[in-house]
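Some notes on the structure that comes next.
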Amino acid sequence: MLYNSGSRTKEVFKSLKPGKVGMYVCGITPYSDSHLGHGRCYVVFDTLRRFLTYLGYEVNYIQNITDIDDKIINKSLETGKTPAEISRKYFDLFMDSMEKLNVAPASNHPKVTGNIPEIIEFVEGLISKEFAYERGGSVYFRVSSLKGYGSLSGREDAQEENLASRVDLEDEKADSRDFAVWKKDEEHGWDSPWGKGRPGWHIECSAMSRKFLGDEFDIHGGGLDLIFPHHENEVAQSRALTGKEPARFWVHNGMVTLKGDKMSKSTGNFFLLNELLSKIEGPVLRFYLLSAGYRQLLDFTIEKVEGVKNSFLKLKELKKELENSDLEYDGEISTNNPAILALLDDLNTPRAIGEIFKLTLPVLEKIYSGSAEKDEMEAAWEMLRIVEEILGVDLKDTGHGEISDEDIENLISERNAHRKEKRFAEADAIREKLSLMGIIIKDTPSGTKWVWEKGIEDIDE
RNA sequence: GGCGCGGUACCCAAGUGGCUUAAGGGGCCGGUCUGCAAAACCGUUAUUCGCCGGUUCAAAUCCGGCCCGCGCCUCCA
């Protein structure tokens with residue numbers, strides 16, 4: 001079951017072609033650093049992709065790069081760099097963050113600038129079918145010519161809406177709802193039948209999804225804030241040209257808020273992804289992002305991430321214990337696994353995580369007390385595979401900075417020697433020293449153990 | 001104003017008619033353990049699901065009204 005924003009209900013997911021899924025997710029416009037809201041979106045769709053892959057689908061995942069638009073051009077004017085340099089730089093930074101979040105690259109990341117001929121062809125098609133008209137070197141989509149416009153975002157009845165705020169610059173449009181599919185631009189434009197210009201905001205996705213996935217494909221995703229006008233206009237263009245509904249499922253992720261308001265560049269209310277990732281481990285941040293349902297609003301606070309980190313560490317510890325046991329596990333992930341059943345219900349990651357803890361944490365306790373049965377450990381291992389392979393939360397030990405394992409072990413035996421001799425001040429000094437390096441000591445009945453724990457540094461405002 | 005989403009314990013978050021006298025996680029507090037800590041373990045933490053009515057043998061779950069928060073309607077993941 002997957003929630004379809006198009007019908008506003010959960011529907012049984014079935015791909016158009018057996019065994020294959022075509023998924024298009026709107027990518028970023030790389031004109032400055034990405035923030036946590038972007039991170040959430042791509043973590044969600046990466047998780048969906050992983051899950052579909054687990055279910056046996058071959059997923060063709062297309063995520064575009066809008067590498068030419070007003071903001072990039074503005075940035076270019078400010079910095080003196082070319083639009084290509086700017087988009088390259090911020091896209092690379094974005095991909096860096098994605099890697100830390102364990103988000104795999106899409107099957108293809110097509111650029112707008114690499115698909116201009118297809119876009120021009122698309123616009124010509126719209127004009128020849130009289131869904132679009134040319135005015136002063138720009139081309140506009142005639143909203144009134146397409147019946148059913150507005151069904152995705154629930155504004156079929158909207159007529160000339162909000163004239164006051166929209167009319168200002170584009171008074172060449174025949175109707176205030178009309179939107180540009182091609183914008184006149186002498187400086188940063190490409191040659192076209194209408195003179196120099198560049199693509200309008202929505203046409204790129206229509207043209208590229210069509211090129212890479214066909215007239216009809218399975219899933220179209222993106223942030224909730226893209227439903228209108230972006231996705232609405234996108235469907236309008238595609239339907240006008242092909243007469244078909246481009247996407248079977250519309251999947252939209254909820255917004256990330258900060259202090260109750262949407263994270264957004266324009267308001268200055270955001271946390272940058274790369275900054276966050278320099279202070280919080282990628283897997284912890286990813287786990288946090290998946291701790292709320294993907295359609296739910298997610299209000300970011302450091303305290304919540306701290307909470308997630310603590311539970312994450314337990315799973316990590318469980319993995320270590322299982323690996324150190326003599327258990328050899330190579331079973332499959334059962335489709336009856338309660339966590340899988342949760343994911344089958346509209347990718348319910350919070351419920352899946354609940355199921356995972358319900359089953360794994362008691363096993364960790366039993367391992368500590370030495371009473372874990374083999375089948376319990378195998379069941380726990382299966383859950384950890386779900387965490388790593390489907391949720392994409394890496395539980396690998398990531399190392400621990402400067403100090404070597406050997407040095408740690410030496411300091412620990414030194415401390416234990418002091419303790420034996422009841423020189424507690426010295427012993428505690430060593431414990432404190434290790435603690436400052438992030439090494440936490442645990443005295444257990446079976447000897448002293450240690451873990452490395454990356455703290456979350458203070459994050460200001 | 002129009003369209004949409006949401007309000008479950010200290011926090012996060014499942015559950016959407018009986019299987020729940022409301023999962024799971026975090027936190028807090030008390031106890032065991034410990035030289036002291038940490039870890040671990042045991043116990044405690046919503047007779048109640050924003051408020052008020054209604055439907056039903058039965059509701060957090062359905063219906064109506066109200067209150068509150070958020071998103072979109074302009075660029076936005």
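Note that the structure is a prediction, hence the values are computed from the model and not measured. No hydrogens, no waters, no symmetry mates; every other heavy atom, side chains included, goes into these values. A note on names: the letters A, B, ... follow the listed sequences, proteins ahead of strands, and every chain is numbered from 1.
- Remark: B/U47 base-pairs with no nucleotide; criterion is Watson-Crick or G-U wobble with both hydrogen-bond distances under 3.5 Å.
- With C1' as the reference atom, B/A60 and B/U20 are 10 Å apart, rounded to whole Å.
- Using a 4.5 Å heavy-atom threshold, the side chains of A/Pro246 and A/Val235 count as touching.
- OP1 or OP2 of B/C75 has not a single side-chain nitrogen or oxygen of A/Asn74 nearer than 4.0 Å.
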One character per nucleotide, please: for nucleotides 23-37 of chain B, 5' to 3', B when the base has a protein heavy atom closer than 4.0 Å, S when only the sugar-phosphate does, - otherwise.
BSSSS-------BBB
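- In this structure, B/C3 forms a base pair with B/G71, meeting either the Watson-Crick or the G-U wobble geometry with both donor-acceptor distances under 3.5 Å.
- When Watson-Crick and G-U wobble pairs are counted only if both distances are under 3.5 Å, B/C10 pairs with B/G26.
- Residue A/Ile28 contributes atom CD1, which lies 15 Å from atom C1' of B/C75 at whole-angstrom precision.
- A salt bridge is defined here as a Lys NZ or Arg NE, NH1 or NH2 lying under 4.0 Å from an Asp or Glu carboxylate O, and A/Asp96 with A/Lys100 fails to meet this definition.
- Remark: B/C62 base-pairs with B/G54; criterion is Watson-Crick or G-U wobble with both hydrogen-bond distances under 3.5 Å.
- We find that CG of A/Leu290 is positioned 20 Å from P of B/A77, with the value rounded to whole Å.
- Of the nucleotides present, B/A40 is the one that pairs with B/U32 by Watson-Crick or G-U wobble criteria, both distances under 3.5 Å.
- Residue A/Ser153 is in sugar-phosphate contact alone, with no base atom involved, counting any heavy-atom pair closer than 4.0 Å across all strands shown.
- One finds a side-chain N or O of A/Lys262 lying less than 4.0 angstrom from the OP1 or OP2 phosphate oxygen of B/C72.
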